[in-house]
Amino acid sequence: MQVLLKGVRPYGEGDPVDVLLGEGQILEIGAGLAATEGVEVIDGAGQVLLPGFVDMHTHLREPGREDTETIATGSAAAALGGYTAVFAMANTDPVADNAVVTDHVWRRGQEVGLVDVHPVGAVTAGLGGKQLAEMGAMANGVGAVRMFSDDGKCVDDPLLMRRALEYSRGLGVLIAQHAEEPRLTVGAVAHEGPNAARLGLAGWPRVAEESIVVRDALLARDAGARVHVCHASTAGTVELLKWAKAQGISITAEVTPHHLLLDDSRLETYDAVNKVNPPLREASDAQALRAALADGTVDCVATDHAPHAEQDKCCEFSVARPGMLGLETALSVIAETMVGPGLLDWRGVARVMSERPAEIVGLPDQGRPIAVGEPANLVLVDADARWTVQAKELASIADNTPYAGLELPAKVATTILRGRVTAHEGKVRAL
Ligand SMILES: NC(=O)N[C@@H](CC(=O)O)C(=O)O
Ligand SMILES: [Zn+2]
Ligand SMILES: [Zn+2]
C-alpha cells in the first residue's frame with residue numbers, strides 16, 4: 001500500500017512538500033501530489049520529516065524479565081518514539097552470548113514488525129568478564145550481530161578487552177563499552193559529589209568512567225580497532241574523546257537524553273526512579289555533554305531505555321536497580337535540551353538520532369537522506385506540540401520514567417518502517 005505524506009518539511013527546512021511512499025521506498029517528492037485510489041493520505045501540515053531514529057542502546061527484557069518489557073512492548077515504545085531500528089542489549093536472562101539467543105531476538109523483532117530489533121551480542125560468556133563469547137557465530141547467524149557489549153558490566157580486564165578489540169577488527173564489528181572501573185564503584189549508587197555526601201549516598205566518581213575511556217582509546221589505537229563509549233556522562237570524558245579523536249583514534253560515543261537534561265540535584269527525594277548507571281552527574285557535566293553533542297565530539301544520542309519492575313524501583317535507594325525508560329521521551333528531551341536552546345537544528349537532530357548511529361553500527365538502510373529512491377524509514381515530528389509525560393500512558397510495561405508529570409516540547413506524530421506506518425497519533429499499527 002502506498003502512503004502520501006502531505007505538507008511536510010524535510011529537516012524542518014524550506015517550503016512544505018508532499019512525499020509519496022511505496023514498495024518500501026520514497027517514490028516521489030513534490031508540491032501538490034495527488035492521491036490515487038488506495039493511497040493512505042497522512043496530513044503532515046507543519047510537521048518536520050526526518051529519517052527514522054536509530055537507538056544503539058536499548059534494554060528489552062526478553063528473554064528473562066518479560067514482566068517488565070518484551071520485544072513486543074519495547075518495539076511499540078520504540079515505534080511511538082520515532083525509532084525504526086533499535087539495538088537490544090545482551091544483559092538478558094539467559095545472556096545473549098550465543099547465536100541461539102541473538103537469532104531469536106532478531107526473529108521475534110521481525111515477527112512483531114514495528115521496528116528492526118538488532119541483537120547486541122555479549123563480549124564475554126555470561127557477561128562474566130573471564131572469556132570471550134562466540135562472537136563469530138553470533139555475527140554469522142540470522143541475527144547478523146554487528147555490535148557487541150557487556151553493557152551493565154564493564155569489560156574491565158584489559159587483556160580481555162584487548163583481545164575483544166583485535167577480534168572485532170577481523171569480524172568487522174563494533175565493541176561498545178560500559179565504561180566503569182568496578183574497583184572504583186564498589187557499593188556506589190550516586191554521583192560522587194556534594195549532593196551524594198549530604199544525602200549519605202555512596203559515591204560513583206567520574207574517574208571510574210574516565211579511566212576506562214582513556215584505557216580503551218589506547219587499546220583501540222594499538223589494535224587498529226574501533227571502540228564505542230556507551231552513555232558518556234562526564235565533562236572529563238568529553239575532553240578525553242576530543243583528545244583521542246584528535247589522535248586519529250577510532251572512538252565514538254553516545255549520550256543519553258537523561259544525562260543531557262537531569263542532574264544529581266534530583267536525588268533529594270531519594271526516589272530511585274533517578275537511580276541510573278552511570279549516575280546523574282552535575283549540571284556542569286550536562287552542559288559539557290550538550291556542547292559536545294552539538295559539535296560532534298559526542299557522536300549520537302542513545303536512550304539506554306532500561307525498564308524495571310515496581311518492586312525493583314520502589315525500595316531503598318541503595319538496593320533499587322539502576323536504569324530508566326527512554327524510548328518514548330527521547331525526541332522530546334532532545335528538543336528541550338538541544339533544539340530549544342539553539343544547539344541543534346532539525347538537521348542536527350537527524351544527524352545525532354539517525355545518521356550517525358546508523359553509520360557507526362553499519363546499517364545501510366537507516367539514517368539515509370530524504371530523497372527519491374531511498375528506503376522509506378522515516379519519522380514525522382510535530383515540533384510545536386507540548387505534552388505532559390504520564391507513566392501509565394507509555395507503551396512500556398514498566399513505569400520507571402523520571403519525566404512523569406513533566407511537560408516537554410515536540411511529539412512524534414507518525415513513524416514509518418519500509419513504507420509501512422508503524423505508529424500514528426499515539427497508536428501503534430501491528431502487522
Ligand atoms: N543503565 C542502567 O542503569 N541500567 C542498565 C544497564 C546499563 O546500561 O548499564 C540496565 O540493564 O538496567
Ligand atoms: Zn551501561
Ligand atoms: Zn544499558
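Numbering of ligands and ligand atoms starts at 1, following listing order. Numbering of residues begins at 1 and proceeds along the displayed sequence.
No salt bridge links Glu310 with Lys313; every basic N to acidic carboxylate O contact stays at or beyond 4.0 Å.
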TODO: Before giving the answer on side-chain hydrogen bond (donor to acceptor under 3.5 Å, both in side chains), spell out for His308 and Arg321 the whole-Å C-alpha distance, their side-chain angles and the decisive distance to 0.1 Å.
DONE: CA-CA 7 Å; His308 286 296; Arg321 301 236 172 127; 4.8 Å; no

TODO: Walk me through it: do His259 and His231 pass the test ring-ring contact (aromatic ring centres under 6.0 Å, His included)?
DONE: CA-CA 8 Å; His259 287 108; His231 42 48; 7.0 Å; no

Task: Step-by-step side-chain hydrogen bond (donor to acceptor under 3.5 Å, both in side chains) determination, Gln131 to Thr124 - done: CA-CA 5 Å; Gln131 73 198 65; Thr124 71; over 6 Å; no

TODO: Might you work through the side-chain contact (heavy atoms from CB on, under 4.5 Å) test for Val3 and Ile42, ending with a clear yes or no?
DONE: CA-CA 7 Å; Val3 175; Ile42 291 185; 4.1 Å; yes

- [ ] Let me see the working for Arg9 and Trp346 under side-chain contact (heavy atoms from CB on, under 4.5 Å), right down to the final yes or no.
- [x] CA-CA 10 Å; Arg9 295 175 65 229; Trp346 290 106; over 6 Å; no

Open item on the list: Could you go through Arg65 and Asp312, starting from their C-alpha distance and side-chain angles, then the distance that decides it, and tell me whether this counts as salt bridge (Lys or Arg N to Asp or Glu O under 4.0 Å)?
Closed with: CA-CA 12 Å; Arg65 283 305 299 267; Asp312 294 325; 3.2 Å; yes

TODO: Test Glu282 against Arg206 for salt bridge (Lys or Arg N to Asp or Glu O under 4.0 Å), laying out the working first.
DONE: CA-CA 10 Å; Glu282 296 179 27; Arg206 293 185 181 96; 3.6 Å; yes

- [ ] Output, in order, the C-alpha distance, side-chain angles, deciding distance and verdict of salt bridge (Lys or Arg N to Asp or Glu O under 4.0 Å) for Lys411 and Asp382.
- [x] CA-CA 5 Å; Lys411 194 138 179 48; Asp382 183 350; over 6 Å; no

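Shortest contact from atom 1 (N) of ligand 1 to any protein heavy atom: Asp304 OD2, 2.7 Å. Nearest protein heavy-atom contact of atom 10 (C) of ligand 1 is Arg61 NH2, 3.4 Å. Taking atom 5 (C) of ligand 1 as the reference point, the nearest protein heavy-atom neighbour is His59 NE2, 3.7 Å. Looking only at protein heavy atoms, the nearest one to atom 4 (N) of ligand 1 is Pro322 O, 3.1 Å. When hydrogens are left out, the protein atom nearest atom 11 (O) of ligand 1 is Asn91 ND2, 2.8 Å; that is the closest non-hydrogen contact. Protein heavy atom nearest atom 7 (C) of ligand 1, with residue, atom name and distance: Asp151 OD2, 3.3 Å.
Judged purely by distance below 3.5 Å, without hydrogens or angles, the side chains of Asn91 and His59 pair a donor atom with an acceptor atom. Side-chain contact, Glu209 with Thr237: a donor N or O sits under 3.5 Å from an acceptor N or O. Looking at Trp204 and Asn277, their side chains do bring a donor and an acceptor atom within 3.5 Å of each other. Using modelled atom types, one finds a donor on one side chain and an acceptor on the other under 3.5 Å when comparing Gln177 with Asp216.
Atoms of ligand 1 lying under 4.0 Å from any heavy atom of Gly152, numbered from 1 in the order shown and given with element: 6 (C), 7 (C), 9 (O). Less than 4.0 angstrom separates some heavy atom of Gly323 from each of these atoms of ligand 1: 2 (C), 3 (O), 4 (N).
At least one heavy atom of His57 sits less than 4.0 Å from an atom of ligand 1. Distances from ligand 1 to the non-hydrogen atoms of His231 include at least one value under 4.0 Å. For the pair His308 and ligand 1, a heavy-atom separation below 4.0 Å is found.
Of the listed residues (Leu363, Thr422, Asp365), just one forms a side chain to side chain contact (heavy atoms under 4.5 Å, CB included) with Asn377, and that residue is Asp365.
Note: no N/O pair closer than 3.5 Å links Ala306 and ligand 1 by distance alone. Close N/O approach between Val276 and ligand 1 is not found [any backbone or side-chain N/O within under 3.5 Å].
In the candidate list Thr92, Asn277, Thr256, Asn277 is nearest to atom 3 (O) of ligand 1, counting heavy atoms.
Contacts with ligand 1 closer than 4.0 Å are made by no heavy atom of Lys275, backbone or side chain. Contact annotation: for His178 versus ligand 1, heavy atoms closer than 4.0 Å belong to the side chain alone.
Counting only distances under 2.8 Å, and ignoring water, the protein N, O or S atoms around the Zn ion (ligand 3) are His57 NE2, His59 NE2, Asp151 OD2, Asp304 OD1.
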